[in-house]
Amino acid sequence: MGRAPCCDKASVKKGPWAAEEDAVLRAYVAEHGTAGNWIALPRKIGLNRCGKSCRLRWLNYLRPNIRHGGFTGEEDRLICSLYASIGSRWSTIAAQLPGRTDNDVKNYWNTKLKRRLLGGGRRPIRYALPLPQQPRLLLMSPTGGGAASTALERMQLS
DNA sequence: AAGTACGTCAACCGCGATATA
DNA sequence: TTATATCGCGGTTGACGTACT
């Protein structure tokens with residue numbers, strides 16, 4: 001018995017959200033909440049979207065008090081520290097950063113912090129530009145470095 | 001100016017966990 | 001207890017913009 005799909009993937013719209021779709025979803029959730037059922041929500045409000053897609057859009061973009069980009073040095077350190085101690089539990093890490101989403105934190109880690117920790121700068125291979133000084137983030141592990149080493153080893157192996 | 005490779009980020013996919021009938 | 005539906009999460013992808021040759 002296979003797992004039932006959450007929606008008819010052939011008929012729902014995919015890809016970037018239009019401003020009108022955002023507005024419909026935002027207005028509905030603001031007034032009614034999610035009613036605990038994301039799967040049924042798009043049908044209720046006439047959006048031709050998968051329920052999971054609606055949930056993701058709300059959580060990562062439409063929720064009030066969301067902040068995008070502009071990670072501070074303090075947030076950098078916290079992310080690195082938490083990653084060193086608990087690994088890629090992005091939702092847990094994001095919970096420690098008010099206004100940040102797990103997707104944001106994950107993207108930030110994968111595109112900036114991980115690269116920085118591994119010693120890569122922009123265009124490291126093709127252009128061989130001089131790298132900025134690497135921050136010694138791993139030394140900041142609250143666990144004393146053991147977990148940090150493990151996390152780094154995992155990263156380097158993968 | 002055109003072409004190419006890389007960086008960023010929104011969104012999708014698939015799976016495990018949990019709830020419910 | 002089992003089957004099914006839904007939630008929530010982490011990993012991955014792909015479009016687009018930018019830096020560079």
Side-chain angles (χ1 to χ4, degrees), chain A residues 1-26 28-29 32-45 47-73 75-76 78-135 137 147 150-158:
Chain A
M1 197 68 72
R3 181 187 177 80
C6 70
C7 56
D8 180 1
K9 293 185 191 309
S11 64
V12 296
K13 183 180 173 188
K14 290 162 69 172
W17 279 65
E20 305 82 56
E21 293 177 306
D22 279 350
V24 169
L25 180 57
R26 185 187 283 117
Y28 182 87
V29 176
H32 302 96
T34 64
N37 190 341
W38 283 105
I39 302 301
L41 188 146
R43 280 197 298 273
K44 277 186 193 169
I45 61 179
L47 279 181
N48 189 27
R49 288 278 185 176
C50 175
K52 287 175 75 168
S53 181
C54 292
R55 174 184 164 274
L56 200 66
R57 183 66 177 171
W58 169 255
L59 290 177
N60 290 333
Y61 205 82
L62 301 178
R63 235 177 351 152
N65 306 320
I66 291 286
R67 288 185 295 150
H68 285 102
F71 279 80
T72 64
E75 287 174 317
D76 268 20
L78 190 52
I79 291 169
C80 290
S81 168
L82 288 168
Y83 184 90
S85 52
I86 64 174
S88 58
R89 305 282 298 278
W90 302 119
S91 59
T92 304
I93 295 173
Q96 307 302 313
L97 299 166
R100 302 297 188 187
T101 69
D102 56 348
N103 206 40
D104 249 8
V105 173
K106 180 170 57 181
N107 278 331
Y108 186 60
W109 170 264
N110 284 329
T111 61
K112 296 198 176 70
L113 298 181
K114 185 173 165 183
R115 192 181 313 279
R116 212 188 296 170
L117 284 173
L118 291 176
R122 189 172 170 82
R123 326 273 186 207
I125 299 168
R126 189 178 171 207
Y127 304 110
L129 292 176
L131 298 176
Q133 187 175 8
Q134 301 304 310
L137 294 166
T150 307
L152 183 62
E153 282 163 14
R154 265 205 307 273
M155 259 167 27
Q156 289 172 331
L157 286 172
S158 60

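Every chain is numbered from 1 and lettered A, B, ... according to where its sequence line falls, protein lines coming before strand lines.
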Nearest non-hydrogen partners of A/Trp17 and A/Ser53, listed with the distance: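 For A/Trp17 versus A/Ser53, the nearest heavy atoms are NE1-OG, 3.4 Å.
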Exercise: identify the closest heavy-atom pair between A/Thr101 and A/Ala94: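 Closest pair (atom of A/Thr101, atom of A/Ala94, distance): C-CB, 3.6 Å.
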Using whole Å, report how far [atom1] of [X] lies from [atom2] of [N].
{"X": "A/Ile39", "N": "C/dT4", "atom1": "CD1", "atom2": "P", "result": "17 Å"}
{"X": "A/Ile93", "N": "C/dC9", "atom1": "CD1", "atom2": "C1'", "result": "13 Å"}
{"X": "A/Asp102", "N": "C/dT12", "atom1": "CG", "atom2": "C1'", "result": "14 Å"}
{"X": "A/Asn110", "N": "C/dG11", "atom1": "CG", "atom2": "C1'", "result": "8 Å"}
{"X": "A/Arg100", "N": "C/dC9", "atom1": "CZ", "atom2": "P", "result": "18 Å"}
{"X": "A/Lys52", "N": "B/dC15", "atom1": "NZ", "atom2": "P", "result": "10 Å"}

Any A/Trp90 side-chain nitrogen or oxygen under 4.0 Å from OP1 or OP2 of C/dG11: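 Yes, because at least one side-chain N or O of A/Trp90 sits under 4.0 Å from OP1 or OP2 of C/dG11.
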C/dC9 OP1/OP2 closer than 4.0 Å to side-chain N/O of A/Arg55: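 So the side-chain polar atoms of A/Arg55 do come within 4.0 Å of the phosphate oxygens OP1 or OP2 of C/dC9, strictly under.
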Listed partners of A/Lys44 passing salt bridge (Lys or Arg N to Asp or Glu O under 4.0 Å), at least two apart: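 For A/Lys44 there are no salt bridge (Lys or Arg N to Asp or Glu O under 4.0 Å) partners, ignoring immediate neighbours.
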A/Ile79 side chain reached by A/Phe71 side chain, heavy atoms, under 4.5 Å: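 Sidechains of A/Ile79 and A/Phe71: in contact.
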All pairs passing salt bridge (Lys or Arg N to Asp or Glu O under 4.0 Å) where residues 57-72 of chain A contributes a residue, at least two apart: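 The answer is A/Asp22-A/Arg57, A/Arg67-A/Glu75.
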Nucleotide N/O of nucleotides 9-12 of chain B paired with protein N/O under 3.5 Å:
residue : atom : partner  : partner atom : Å
B/dC9   : OP2  : A/Lys112 : NZ           : 3.2
B/dA10  : N7   : A/Asn107 : ND2          : 3.1
B/dA10  : N6   : A/Asn107 : OD1          : 3.3
B/dA11  : OP1  : A/Trp17  : N            : 3.0
B/dA11  : OP1  : A/Arg57  : NH1          : 2.9
B/dA11  : OP2  : A/Arg57  : NH1          : 2.1
B/dA11  : N7   : A/Asn103 : ND2          : 3.2
B/dA11  : N6   : A/Asn103 : OD1          : 3.1
B/dC12  : OP1  : A/Gly15  : N            : 2.8
B/dC12  : OP1  : A/Arg49  : NH1          : 3.3
B/dC12  : OP2  : A/Ser53  : OG           : 2.7

Pairwise distance CD1(A/Ile86) to OG(A/Ser81) - rounded to 0.5 angstrom: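 OG of A/Ser81 is found 9.0 Å from CD1 of A/Ile86.
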